[in-house]
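The structure under discussion appears below in the form of structure tokens.
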There are 2 protein chains.
Amino acid sequence: MRNAIDCISVLLKIIWHICMLVKTELASTIQQTYKMDKKTSVTIHDIARELNISASTVSRALNNNPRISQATKDKIKALALKLGYQPNIIASNLRNQKTNTIGIVVPLINRHFFSTFISGVEDVAFEAGYNVIISQSNDLFEKEKQIVHSLFSNRVDGMIVSLSMQTQQFDHFQLFSKKNIPLVFFDRVAPQLDADKIIVDDFACGFKATQHLIDQGFKRIAHLAGPTALNTYKARMEGYRSALEKNNLPVNDELIIFNRLTRMDGQQAIKQLLALDTPPDAVFCGNDTSALSIIVYLKSIGIRVPEDFGIVGFSNEPFSEVVTPSISTIKQPAQEMGQKAAELLIFEIEHKENPRKYQTITMPTELIVRESSLRKS
Amino acid sequence: MRNAIDCISVLLKIIWHICMLVKTELASTIQQTYKMDKKTSVTIHDIARELNISASTVSRALNNNPRISQATKDKIKALALKLGYQPNIIASNLRNQKTNTIGIVVPLINRHFFSTFISGVEDVAFEAGYNVIISQSNDLFEKEKQIVHSLFSNRVDGMIVSLSMQTQQFDHFQLFSKKNIPLVFFDRVAPQLDADKIIVDDFACGFKATQHLIDQGFKRIAHLAGPTALNTYKARMEGYRSALEKNNLPVNDELIIFNRLTRMDGQQAIKQLLALDTPPDAVFCGNDTSALSIIVYLKSIGIRVPEDFGIVGFSNEPFSEVVTPSISTIKQPAQEMGQKAAELLIFEIEHKENPRKYQTITMPTELIVRESSLRKS
DNA sequence: CTGAAAGCGCTAACAC
DNA sequence: GTGTTAGCGCTTTCAG
């Protein structure tokens with residue numbers, strides 16, 4: 001018995017040693033791979049050594065510094081190409097205190113307005129030699145804060161932001177303003193923020209949409225408002241109210257419903273509205289999604305749009321054009337807004353002025369009249 | 001006369017000097033501003049000096065190195081907070097040869113599939129402490145090449161790519177494979193590429209869609225194919241052909257139309273198909289956009305969908321659900337694909353294996369049957 | 001026109 | 001536990 005146990009114990013020890021051997025073997029392989037990795041990365045020093053010149057000359061040549069003779073430039077560039085040299089931008093960034101990177105913070109990337117905006121930013125940024133790093137706040141204040149800190153630590157040269165739905169404080173942006181790093185807000189902005197802003201005139205849009213419904217002969221117009229903590233939804237609602245007043249129509253609070261404008265919200269809202277003693281005959285919705293769900297519901301209960309009920313949405317989502325009936329809506333120039341934001345930001349990055357003057361750029365919008373509101377040709 | 005000229009010359013000199021003075025003044029102001037900027041940026045050395053300890057201790061403390069006593073950690077962290085210390089990640093990146101950044105290359109950011117995919121990537125990346133930097137190739141080969149080089153120079157730790165429509169060569173990706181930087185392709189991939197891939201089974205999807213039309217009693221089924229240089233469109237078409245063959249239906253080349261699947265393309269294609277001697281009674285479209293335009297056209301000329309003509313699209317664009325008739329389509333799990341791609345990439349970044357084994361992950365798809373193809377309940 | 005040297009801010013091997 | 005020191009790869013004075 002004893003013997004057997006001893007035997008096993010010895011065996012185990014042997015196995016253990018084998019394991020250890022394998023492990024060190026593996027470790028050294030990894031080590032070697034690592035070294036190989038490093039060797040494949042050619043630096044300006046490698047080029048310098050090969051040509052018996054200094055690294056600074058190589059650096060200057062590759063940056064087209066006029067003080068270097070054409071001959072050496074050619075020599076250096078040729079070798080760089082041959083060796084497959086790729087500059088380490090991280091090192092350059094550290095030295096230059098500039099990353100050529102701009103950060104974007106949006107609530108959600110996969111919303112048509114935002115992704116189109118980002119596309120516009122990317123276009124301009126790429127042309128100007130900037131990278132774009134994006135993050136989504138998912139409409140959460142805490143995540144927005146984290147993102148902003150992270151982008152700061154990553155030393156972005158500037159940042160473009162649309163606020164989360166929950167954001168009411170703005171301390172986290174002071175990091176940027178204190179270090180004089182340009183900041184451009186768009187769409188969802190805060191009035192109390194001293195910064196550049198790219199917006200549309202949501203008030204005018206709300207007015208325009210409502211006036212259009214009035215012009216089409218609708219008499220009792222309701223409004224689906226988004227969270228009025230956000231400047232955009234608040235202004236749209238105020239535009240709506242103002243249009244009613246201007247036309248001497250009563251502003252009736254039971255006709256204004258506040259929610260988050262999801263499809264569910266839209267359906268609930270229209271049910272609630274139709275249950276009123278004197279229900280409305282039209283509604284201006286804070287977005288197209290809710291407008292859509294209202295159309296679907298009305299169709300399902302046999303109310304005709306626009307004959308019996310008029311609808312105007314907001315944002316010109318891709319589906320608005322193709323549903324039946326197609327949805328009248330307000331078109332925001334998302335791509336152009338992105339381009340403009342990027343242009344403005346990059347300009348400020350490259351021409352930092354002190355003291356700064358903040359601009360607010362209002363982009364043009366368009367009321368697109370489609371079937372859902374068109375009773376008169 | 002002479003006097004006058006002398007006078008002017010002296011005046012000019014004076015003005016010149018004033019200018020110079022102003023210039024130096026300005027320069028020093030700028031200098032000062034610069035220094036102020038620098039001073040506001042607190043580093044670990046500032047913390048170290050203040051506490052009479054070394055920078056390395058500070059570094060270790062902030063990174064929660066267990067070798068530092070809790071007491072000093074607390075002291076350091078408290079001061080860091082007080083001074084508003086923000087780590088310079090660029091410096092850390094350079095030193096660590098790691099950027100915690102992953103690059104994404106897509107044809108177009110503001111396409112629902114891609115932006116949703118990106119959103120999925122961002123979710124996972126953020127959780128794992130990675131930044132996401134995105135670029136769009138605009139379906140141009142040259143731009144794709146530039147982007148890939150730029151991302152490499154920016155030392156991304158890994159990259160996620162969907163190829164441009166024009167891409168036929170893949171040399172630009174060797175930068176990454178040579179340095180053993182993980183690379184994950186998705187959706188539009190190249191079979192000859194040795195890399196990880198996240199795809200759906202486009203062949204099976206094409207088959208499924210076509211089989212569904214057959215099951216619904218459609219007899220003569222056409223196909224709108226995208227550019228077959230892309231694996232996705234090619235496989236969809238092959239699935240279509242295979243389904244016909246399996247059901248002993250003839251594969252008729254005049255029923256297969258190749259284009260870029262825009263709305264225009266869709267309209268042209270359907271006209272062409274209806275002009276045939278024996279036109280089809282259904283079509284499987286390579287995407288939802290072309291399916292939509294066909295529906296619109298058929299409605300306009302009084303052909304009923306699905307009674308007279310069946311349609312299946314691809315991708316489950318948001319509008320597909322809400323148009324009338326709603327479009328039967330294939331749903332790709334874009335968000336999940338993005339999450340999976342990010343998980344895979346990050347895993348490979350953090351567990352670099354040598355030699356690498358490349359995986360191809362096929363994500364599940366779903367045929368969503370809606371009105372445009374449903375003749376039998 | 002080119003080189004030497006210092007340093008961007010952080011980390012980690014090595015020493016004590 | 002903490003300090004010393006040496007870089008990561010690049011740019012940029014300053015000096016010749």
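What you see is a predicted model, and the numbers here were worked out from it, not measured in a lab. Order of the sequence lines sets the chain letters (A, B, ...), proteins ahead of strands, with each chain counted from 1.
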Q. Within the structure shown, what part of the strands sits under 4.0 Å from Ser69(B) by heavy-atom distance: base, sugar-phosphate, or nothing?
A. sugar-phosphate

Q: Would you indicate, yes or no, if dT11(C) has its OP1 or OP2 atom less than 4.0 angstrom from a side-chain nitrogen or oxygen of Asn63(B)?
A: yes

Q. Side-chain N or O of Gln97(A) less than 4.0 angstrom from OP1 or OP2 on dG9(C)?
A. yes

Q.
Given the structure, check if the side chain of Arg67(B) and the base of dT2(D) hold any donor-acceptor pair shorter than 3.5 Å.
A. yes

Q. Closest approach of His172(B) and Gln169(B), non-hydrogen atoms and distance?
A. CE1-O, 3.3 Å

Q | Under-4.0 Å salt bridge between Glu122(B) and Lys143(A) | A | yes

Q) Roughly how many Å is it from CG in Asn65(B) to P in dC10(C), rounded to a whole number? A) 16 Å

Q | Rounded interatomic separation in angstrom, taking CG from Leu51(B) and C1' from dG1(D) | A | 15 Å

Q.
What is the distance, to the nearest angstrom, from the CD atom on Gln86(A) to the P atom on dC10(D)?
A. 11 Å

Q. Are the charged groups of Lys77(B) and Asp74(B) less than 4.0 angstrom apart, N to O?
A. no

Q) Quick one: is dC10(D) close enough that its OP1 or OP2 comes under 4.0 Å of any side-chain N or O from Ser92(A)? A) no

Q.
Can you say whether a donor on the side chain of Arg60(A) sits under 3.5 Å from an acceptor on the base of dG3(C), or the other way round?
A. yes

Q: Name the nucleic acid region contacted by Ser59(A), choosing base, sugar-phosphate or nothing; use a 4.0 angstrom heavy-atom cut-off, strictly under.
A: base

Q: Give the rounded distance in Å between these two atoms: CZ of Arg95(A) and C1' of dT11(D).
A: 4 Å

Q: Report yes if at least one side-chain N or O of Asn96(A) is closer than 4.0 Å to OP1 or OP2 of dT12(D); otherwise report no.
A: yes

Q. Between the base of dT2(D) and the side chain of Thr72(B), is there any donor-acceptor pair under 3.5 Å?
A. no

Q: Indicate whether the side chain of Asn100(A) and that of Asn93(A) have a donor and an acceptor atom separated by less than 3.5 Å.
A: no

Q) Which whole-number value in Å describes the distance from His45(A) NE2 to dG7(D) P? A) 12 Å

(Q) Rounded to whole Å, how long is the line connecting atom NZ of Lys73(A) with atom P of dT2(C)? (A) 10 Å

(Q) Just to be sure I understand the rule, does Ile53(B) reach a base, reach only the sugar-phosphate, or reach nothing, if contact means heavy atoms closer than 4.0 Å? (A) sugar-phosphate

Q) With respect to the phosphate group of dC10(C), does any side-chain polar atom (N or O) of Tyr85(B) fall under 4.0 Å of OP1 or OP2? A) yes

(Q) Between C1' on dG9(C) and CG on Leu62(B), what's the gap in Å once rounded to a whole number? (A) 13 Å

Q: Taking only Lys NZ, Arg NE, NH1 and NH2, and the carboxylate oxygens of Asp or Glu, determine whether Asp139(A) and Arg188(A) approach each other closer than 4.0 Å.
A: yes

Q) Counting just side-chain N and O atoms, does Thr57(B) come under 4.0 Å of either OP1 or OP2 of dT2(D)? A) no

Q. Between Leu94(B) (CG) and dA6(D) (P), how many Å, whole number?
A. 18 Å

